[in-house]
Amino acid sequence: MKKLIEGTEFLNHINNGDTLLVGGFGLSGTPLTLLDELAASDKRDLTVVSNNLGEVGKGLGKLLMAGCLKKAKGSYFTTNRDAVQAWSEGELEIELIPQGTLAEAIRCGGAGIGGFYTKTAVGTNLADGKEERVLDGDRYILEKAIKGDVSIIKALKADTLGNLFYDHTARNFNAAMATASKVVIAEVDEIVEAGELTPLEIVTPHLYVDFIVLNKYEKKEGAYVESVRAR
């Protein structure tokens, strides 16, 4: 399978200063293996677009503490006190985006739509500097589409072609992010033969996926731990 790569090979496709779209909601659907390797690398000045920055010392939290991040764009950063501390000390730029707006902006980025008008955030500080229009008597602001240089996402399974199947709500932002970057790297728990995933199970077609990396984590009793194959 040409798309399956190992170790740190995926880092060759990420450059300093890139914008990364990173799937996950907290740690659910988060590409923990890819983030571990990225945190241990020398990549710097990255902008991350994600719902949040994981938890303290986990997921995107590792990337933050490793000094890889210049800016974070997302909805819910207070789950990680390190992110709040870094922002308050001027070490991290944060751009807050309402969660529904974030999801739609990424979808637009993948669909080739330049932006959209929304009522969300009208009249708040989040609307500062954004175009406002009145449509049918209601106020809207223009939100631009979000696109990335690289998407690093998490799926439950891939087949040998690179088609992706997600685990229930762990799909979250991953499927949309798979459409919105120049390069897409997917971390998966398992790789199966082509044809084993049914058309109804395939959410992200293989044409969107450039590289596959096997996950080194597994979930036990609600917590993510390194699996035996990682050691």
Side-chain angles (χ1 to χ4, degrees), residues 1-15 18-38 41 43 46-51 54 59-60 63 102-114 145-219 224 227 229-230:
M1 179 182 176
K2 294 181 180 178
K3 292 183 178 178
L4 178 61
I5 56 178
E6 298 181 354
T8 59
E9 186 179 346
F10 77 95
L11 293 172
N12 295 331
H13 305 281
I14 298 174
N15 299 308
D18 273 355
T19 293
L20 308 182
L21 308 188
V22 182
F25 192 104
L27 297 181
S28 178
T30 298
L32 298 174
T33 301
L34 294 172
L35 293 176
D36 282 359
E37 299 292 356
L38 189 54
S41 76
K43 305 299 180 182
L46 301 173
T47 292
V48 161
V49 179
S50 191
N51 182 62
L60 280 166
L63 218 58
L102 176 67
E104 179 64 5
I106 295 168
R107 189 196 70 81
C108 286
I113 299 169
I146 292 176
K147 294 188 284 187
D149 297 299
V150 182
S151 287
I152 54 177
I153 62 174
K154 171 71 171 58
L156 182 63
K157 295 180 183 179
D159 67 17
T160 51
L161 295 175
N163 294 303
L164 300 183
F165 167 66
Y166 299 94
D167 184 11
H168 298 89
T169 56
R171 176 192 306 186
N172 50 69
F173 294 88
N174 286 293
M177 288 179 171
T179 69
S181 285
K182 301 169 188 172
V183 176
V184 175
I185 304 167
E187 176 180 328
V188 301
D189 293 351
E190 182 182 1
I191 296 174
V192 301
E193 292 298 322
E196 289 190 33
L197 297 179
T198 69
L200 289 178
E201 289 176 317
I202 296 170
V203 175
T204 298
H206 63 91
L207 292 176
Y208 287 106
V209 181
D210 296 292
F211 302 105
I212 299 289
V213 175
L214 271 172
N215 178 21
K216 71 178 182 182
Y217 285 87
E218 59 185 336
K219 199 170 186 179
Y224 288 92
S227 66
R229 70 176 179 233

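In this text the structure is predicted, and so the values were computed from the model without any measurement. Just so you know, residue 1 is the first one in the sequence shown, and it goes up from there.
No side-chain heavy atom of Val150 sits less than 4.5 Å from a side-chain heavy atom of Phe10. Under the 4.5 Å side-chain criterion, counting only non-hydrogen atoms from C-beta, Arg107 is in contact with Ile113. Taking the side chain as every heavy atom from C-beta outward, Val188 and Lys157 never approach each other to under 4.5 Å. The side-chain heavy atoms of Leu164 and Tyr166, taken from C-beta on, include a pair separated by under 4.5 Å. Here the side chains of Leu60 and Ser50 are in contact, with some heavy-atom distance below 4.5 Å. Looking only at side-chain heavy atoms (C-beta outward), Lys154 and Thr30 stay at 4.5 Å or farther from each other. Side-chain contact between Asn51 and Asn172 is absent, with no heavy-atom pair separated by less than 4.5 Å. Side chains of Leu102 and Val49 form a contact here, defined as non-hydrogen atoms less than 4.5 Å apart.
Of the candidates Asp36, Thr33, Asp189, Lys216 forms a side-chain hydrogen bond (donor to acceptor under 3.5 Å, both in side chains) with just one, namely Asp36.
For the pair Val183 and Asp210, the tightest heavy-atom approach, listed with the atom from each and the gap, is CA-OD2, 3.3 Å. Between Val209 and Ala186, the shortest heavy-atom contact is CG1-CB, 4.3 Å. The nearest pair of heavy atoms linking Gly23 to Pro31 is O-CD, 3.4 Å.
Within a 6.0 Å radius of OH in Tyr208, other residues, nucleotides and ligands contribute 12 heavy atoms or fewer. Counting heavy-atom neighbours within 6.0 Å of Lys147 NZ, excluding the residue itself, gives a total of 12 or less.
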